2 protein chains.
Amino acid sequence: MNENYIDALKALAEPHRLRLFWLLIHVDQRITVAEAMDVTGDTQYNASRNLKILYKAGLLTQSKIGKWVYYSLAEQELPHWHTLVESVRSLPSDDFADVATRCKKRLAMRVDNECVIGPNSEAWLKKK
Amino acid sequence: MNENYIDALKALAEPHRLRLFWLLIHVDQRITVAEAMDVTGDTQYNASRNLKILYKAGLLTQSKIGKWVYYSLAEQELPHWHTLVESVRSLPSDDFADVATRCKKRLAMRVDNECVIGPNSEAWLKKK
DNA sequence: ATTATACTTGCACATTTATGCATGTATACA
DNA sequence: TGTATACATGCATAAATGTGCAAGTATAAT
């Protein structure tokens, strides 16, 4: 039962994933793998794998729309899970400030709140 | 800065240590390595090492009294640290119930709230 | 002084985990 | 029908981690 909880702790105990999860909390929105790549600078396979690990750990939800895969913060019912998320939420934002602002820029490229531009696009490299 | 936080997550992301930390939270008292061994059934070196890892991660405090080393819950000032501890505190106690009751039995062997009996004593093996 | 006790730690070994690369799958588009 | 795009994943390698054993240090007891 708390093997799952330990999996969640393990999932968060890695810098790239902690940053991704913090981002998902603070952007308060679903994001695609492509957007995560652009915002964090992670490689395609690492962005994909790390989001999946957070999902498998029960921290994110996943939804596929066409060729895009959106991840977003999972709602937590259990107190210890909810509190764990709150702990990450209250991390000092200084450390992630740049990621947050870059994410806003990236989300501004959406159309009707849907991701329409792939990773490492010209438009993004210019904007960044 | 949040390297430390990641170290704390790593420290908690191991079953033996999570159990030890949960115990330190719920027993609301300092305990020695010997007592931790008896209560958890961990080997001497693992009890020692795991408590030290929790201490180094900033989750416990350490104090040596004679040949005994006491560990106890560290007070947390920072919100994300405090909340992390609260998350572990609210873990369902079912999973750790037996450890908690065994710890009470072990602490009952103290004199003036000081540990005076070493690990794997006759008295403990009988009591257990 | 010597011995016992509580705890620590270096070492070897096995398991796990992170990463890059290459390739595979699914969907969209021409 | 073929090609481009978004994402996933098997494999090999390197790094990190957990564990047992044996030996170490520090304090207490005799």
Side-chain angles (χ1 to χ4, degrees), chain A residues 3 6-20 30-57 60 62-71 106 109-111 114-124, chain B residues 3 6-20 30-57 60 62-71 106 109-111 114-124:
Chain A
E3 281 179 17
I6 285 189
D7 284 341
L9 290 172
K10 279 188 194 170
L12 295 173
E14 199 279 325
H16 299 96
R17 287 195 296 267
L18 183 62
R19 186 174 54 169
L20 278 172
R30 50 184 197 149
I31 70 173
T32 65
V33 177
E35 290 167 331
M37 289 177 56
D38 278 355
V39 169
T40 61
D42 293 338
T43 59
Q44 189 270 326
Y45 38 88
N46 278 333
S48 173
R49 275 199 285 231
N50 282 329
L51 285 169
K52 183 177 182 178
I53 288 173
L54 290 165
Y55 163 64
K56 287 289 183 186
L60 299 182
Q62 190 191 50
S63 67
K64 181 168 184 174
I65 298 183
K67 58 182 177 180
W68 309 88
V69 176
Y70 289 86
Y71 288 93
R106 187 56 167 85
M109 296 168 70
R110 287 189 177 180
V111 175
E114 294 286 336
C115 181
V116 292
I117 297 181
N120 292 314
S121 65
E122 295 283 329
W124 169 248
Chain B
E3 282 180 17
I6 285 189
D7 284 341
L9 290 173
K10 281 189 194 169
L12 295 173
E14 198 279 325
H16 300 96
R17 286 195 296 267
L18 183 63
R19 184 172 57 169
L20 279 171
R30 48 181 202 155
I31 70 172
T32 65
V33 177
E35 290 167 330
M37 288 177 56
D38 278 355
V39 168
T40 61
D42 293 338
T43 60
Q44 191 271 327
Y45 39 86
N46 277 333
S48 173
R49 276 198 283 230
N50 282 330
L51 285 168
K52 184 176 182 180
I53 288 172
L54 290 165
Y55 163 64
K56 287 289 183 186
L60 300 182
Q62 189 192 51
S63 67
K64 182 168 185 175
I65 299 183
K67 59 181 175 178
W68 309 88
V69 175
Y70 288 86
Y71 288 93
R106 188 57 167 83
M109 295 169 69
R110 287 188 177 181
V111 174
E114 293 288 336
C115 180
V116 293
I117 298 182
N120 292 315
S121 65
E122 295 283 328
W124 169 249

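The analysis underlying the following values was restricted to heavy atoms, covering all of them including side chains, and did not include hydrogens, waters or symmetry mates. From a predicted model like this one, the values you see are computed outputs, not experimental measurements. Numbered from 1 within each chain, the chains take letters A, B, ... in sequence-line order.
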In whole angstroms, how far is the P atom of dA6(C) from the OH atom of Tyr71(B)? 16 Å
Once you round it to whole Å, what is the distance between C1' of dA28(D) and CD1 of Ile65(B)? 15 Å
Short side-chain N/O contact from Tyr55(B) to OP1 or OP2 of dC7(C), under 4.0 Å: no
Spacing of Ile31(B) atom CD1 relative to dA6(C) atom C1', expressed in whole Å: 14 Å
N or O in side chain of Arg49(B) less than 4.0 angstrom from dT17(D) OP1/OP2: no
Under 4.0 Å: is that the gap between some side-chain N or O of Asn46(B) and OP1 or OP2 of dG20(D)? yes
By side chain to side chain donor-acceptor pair (under 3.5 Å), Asp42(B) pairs with (sequence neighbours left out) Arg19(B), Thr40(B)
Between P of dT19(D) and CG of Asp42(B), the distance in whole Å: 8 Å
Under a 3.5 Å distance rule, please check whether Arg30(B) uses its side chain to pair with a backbone N or O of Tyr71(B) as donor and acceptor. no
Between atom NZ in Lys64(A) and atom C1' in dC7(D), what is the gap in whole Å? 7 Å
Let me know the distance between NZ of Lys52(B) and P of dG18(D), rounded to the nearest Å. 15 Å
Does dT23(C) have OP1 or OP2 sitting under 4.0 Å from an N or O in the side chain of Gln44(A)? no
Nearest to the Val69(B) side chain among dT8(C), dG18(D), dA18(C), which nucleotide is it? dT8(C)
With a 4.5 Å limit on heavy-atom distance, are the side chains of Leu54(B) and Leu20(B) in contact? yes
Counting just side-chain N and O atoms, does Lys10(B) come under 4.0 Å of either OP1 or OP2 of dT17(D)? yes
Pair Glu14(A) + Lys10(B), salt bridge at N-O below 4.0 Å: no
Should Tyr45(A) be listed as having a side-chain N or O under 4.0 Å from OP1 or OP2 of dC7(D)? no
Ranking Tyr70(B) and Ile53(A) by the position along DNA chain C of their nearest nucleotide, the one closer to 5' is Tyr70(B)
Taking only residues two or more places apart in sequence or in another chain, which ones pass side chain to side chain donor-acceptor pair (under 3.5 Å) with Tyr70(B)? Glu114(B)
Taking atom P of dA8(D) as reference, at what distance in whole Å does atom CG of Asn50(A) sit? 12 Å
With DNA chain D as reference, determine whether Gly66(B) or Glu35(A) sits nearer its 5' end, using the nearest nucleotide of each. Glu35(A)
To the nearest angstrom, the NZ-C1' distance between Lys67(B) and dT27(D) comes to 7 Å
Minimum-distance nucleotide to Thr32(A) side chain [options: dG18(D), dG20(C), dC7(D)]: dC7(D)
